[in-house]
Amino acid sequence: MTVYLPFIVLFFLLAFGVPVAISLALAGSLGIFLATSADVLVGILTASPGSALTTYELLTIPMFILMAEFMGVSGITSSLFTAIAKWTHNIRGGVGIATVITGAAFGAISGSSTAAAATLAKTSIPAMREQGYSSGMSGSIAAISGTIAMLIPPSVALIFYGLLSGVSIANLLIAGIVPGILVATTIAVTIKVLLLRNPLPRQDVQYSLAEKFQSLKVAGPFVVLFLLVTGLIYTGIATPVESSGLGAFGAFLIALKSGNLTRYRFSEALSNTCSITAMIGLIIVCAHIFGYFITLTGLTKEMVAWAGSLDVSPYVILAAIVVLYLVLGLFLDLISILILTVPVVLPLVTSLGFDPLWFGVIVILLAEIGIVTPPVGINVFVVSRSANIPVEKIFSSVMVYVLSLLLLVGVLIIFPELVLWLPSTSG
Amino acid sequence: MSTLANIPRPLKYLDCPVRYMENALVAVAALMILVAMAVTCVDVFMRYVLSMPLSWSFDFIVLYLLPGSYFLAFSYALRTGTHLKVDYFVSYINRRLRGLVLFLVGLVAVVLFGYIAWFYLVEAYHAWLDGDVMGGVIPWPMWPGDMLVFVSSLIFALRLLIISFSHLSLLRGGEA
């Protein structure tokens, strides 16, 4: 009961709409009290705020959020979409593919999938609708393309996993690149297959080579920022914290040069950064309290011992874990899923002989699927609101992409080298 | 967010200074994030171009800027509805029951964060009295870090109190 009651209380509080952080703090406090004594509880409660937020690497989160906010102000994404669409317009499904590529590119300058989906909805859906895409298809492409941002560095989700698991943040960020490209390719191939079955009318618009190269001007700041952040981390020249600081400063200069950085937008970007950072900070402090409860009860050790006693292949247990993440993804957001599962599931996964770096990428990919599946697929709601497309139309159209991404999860499980190769070559 | 029409009069008076403090704290947090960005960039330049890294930047960031960046906007984020919640099940739960649970849970959270605030105020006072400093190149005083946690937790507890009472309106069939 000592173990189960706090979990029951936690899910009860979450179901009643209590903020995730406060639910974790209260359920964790109850668990610590039941497992030990009031004195230990008081000691942990007072130590947690001071000790939970003293890891230097935590600075990467506000820096990358600030970078994304400044890039949002600069308006580079809509220009980037226009430029990419000029290069892909000759391909069948070119605008859809341009949306996917823009989603991946947006991921390289922002770690937020929701922000990516909202921006893509505004810029790419009108262009897709103009070319004859159905509302459901255009909405689903924007929603699913937004998810790529969670894998392409700088991904706040991967950083958060690194902080929870102790896996090198630099390696995690680099490990997300190949799977991120594979996700983009999978979505693009799915679009092509769908358009083979339901072809679009041919487009008469043609762009000259000069126009195409002219459009690449916008890519300059994007490439500089990508090299500043991912390039420095990959080569090992700078740490993730240093790269994040440079990235935020670079984005500030780009926003300044764009002429869009008014005093109001500057303060809005900063207050958004503070709010999101505080939200993550409170979760980290409260997850610290809940983490103590899990450690004190020895739950993780028991689970590892139990899994070791099972006479089944590690892949059967892994399959069960994948299903668990898919189910959790239906109801919870990524940060909550990571906090609730990583401290318990990761030791189990590593005891089965799987790589924690590889597992981080798999978890984020599964969470990507969760943010476009009903009933709480946040990206679908964001796109629906931004583009005024009924939610059910997008949900029904997005399922085909979900299936193709599940196939990709299978491929990454069979071939973990696809995830682990690039970090093994970094400096 | 709280609906002021639905909370007792003394808490309505409390909302104004708490709101003022939240706005002030978020401004300080924003400043700290900008300073952290600037210090990191200067440190990179000094380290890799001039081979003269800033010896004090790590301690300065970990002791003051990190807690400031993360803690100071706790309450502002609660007021603006940024803190994560699971909304899916809410529509299936009886409104009155939900109002009662949110009110009671809110009060427990007020006690929890109120206690944390009190603890860090005492810690800051003792650190100031004892002249506690961080061992390093620069002996940074420890008490400002404790004060950051105290102020953030106190304002957060007060905002929780205001919001908890606003949930009572659900018991009367209104909106929270």
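First the proteins, then the strands, lettered A, B, ... as listed; each starts at 1.
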If I compare all heavy atoms of B/K85 with all of A/P19, which pair ends up nearest, and what's the gap? CG-CA, 3.8 Å

Do B/T40 and A/F249 make a side-chain contact, defined as non-hydrogen atoms from C-beta onward lying under 4.5 Å apart? no

Part of residues 24-32 of chain A lying next to chain B, heavy-atom separation under 4.5 Å: A/A25, A/L26, A/S29

Pairwise side-chain contact, A/L282 with B/F113, heavy-atom cut-off 4.5 Å (strictly under): yes

What one should report as the nearest heavy-atom pair of B/A77 and A/A278 is CB-CB, 4.2 Å

Which bit of B/F156 comes within less than 4.5 Å of chain A, counting heavy atoms only: side chain, backbone, both or neither? side chain

What is the distance from atom OG1 of A/T277 to atom CG of B/L72, rounded to the nearest 0.5 Å? 11.5 Å

Top residue by heavy-atom pair count (under 4.5 Å) with chain A, among B/D146, B/L63, B/L112? B/L112

Testing the basics here: between B/Y48 and A/A238, what is the closest heavy-atom pair and its distance to 0.1 Å? OH-CA, 4.0 Å

Could you tell me which portion of B/F74 (side chain, backbone, both or neither) has an atom closer than 4.5 angstrom to a non-hydrogen atom of chain A? both

A/F11 CZ: over 12 foreign heavy atoms closer than 6.0 Å: yes

At what distance, to the nearest 0.5 angstrom, does CD1 of A/I22 lie from NE2 of B/H83? 7.0 Å

In terms of heavy-atom proximity below 4.5 Å to chain A, should B/Y115 be classed as side chain, backbone, both, or neither? side chain

Write down the atom of A/M279, the atom of B/T82, and the distance for their closest heavy-atom approach. CG-O, 3.5 Å

Looking only at heavy atoms and a cut-off of under 4.5 Å, which of B/P67, B/A73, B/A109, B/S75 has the most pairs with chain A? B/A73

Could you measure the distance from the OG atom of A/S275 to the CG atom of B/L78? Nearest 0.5 Å is fine. 10.5 Å

Contacting moiety of B/V44, where chain A heavy atoms sit under 4.5 Å: side chain

Quick check: do A/V285 and B/F71 have side-chain heavy atoms less than 4.5 Å from each other? yes

Using heavy-atom distances under 4.5 Å, tell me whether B/V149 contacts chain A through its side chain, its backbone, both, or neither. side chain

Residue among B/F58, B/F45, B/Y76 with most heavy-atom pairs under 4.5 Å to chain A: B/F58

I'd like to know which of B/V105, B/V90, B/I116, B/L66 tops the heavy-atom pair count under 4.5 Å against chain A. B/L66

In Å and rounded to the nearest 0.5 Å, what is the CD to SG distance from B/E22 to A/C274? 13.0 Å

Testing the basics here: between A/G281 and B/Y70, what is the closest heavy-atom pair and its distance to 0.1 Å? CA-CD2, 3.3 Å

Quick one: are B/L34 and A/L270 in side-chain contact, heavy atoms under 4.5 Å? yes

Under a 4.5 Å heavy-atom cut-off, does chain A meet the side chain of B/V101, its backbone, both or neither? side chain

Of all heavy-atom pairs between B/I33 and A/L66, which one has the smallest distance, and what is that distance? CG2-CD2, 3.9 Å

A/F16 versus B/L97: any side-chain heavy-atom pair under 4.5 Å? yes

Just so I understand: if I count every heavy-atom pair under 4.5 Å between each of A/V20, A/I276, A/I280 and chain B, which residue has the most? A/V20

Please tabulate, for the side chains in residues 46-63 of chain A, all donor-acceptor contacts under 3.5 angstrom to protein atoms that are two or more places apart in sequence or on a different chain.
{"residue": "A/T46", "atom": "OG1", "partner": "A/V42", "partner atom": "O", "Å": "2.7"}
{"residue": "A/T46", "atom": "OG1", "partner": "A/G43", "partner atom": "O", "Å": "3.1"}
{"residue": "A/S48", "atom": "OG", "partner": "A/I44", "partner atom": "O", "Å": "2.9"}
{"residue": "A/S51", "atom": "OG", "partner": "A/A47", "partner atom": "O", "Å": "3.0"}
{"residue": "A/T54", "atom": "OG1", "partner": "A/S51", "partner atom": "O", "Å": "3.0"}
{"residue": "A/T60", "atom": "OG1", "partner": "A/E57", "partner atom": "O", "Å": "2.6"}

Is chain B contacted by the side chain of A/F266, its backbone, both, or neither, given a heavy-atom distance below 4.5 Å? side chain

Would you say CH2 of B/W140 has more than 12 non-hydrogen atoms from neighbouring residues, nucleotides or ligands within 6.0 angstrom? yes

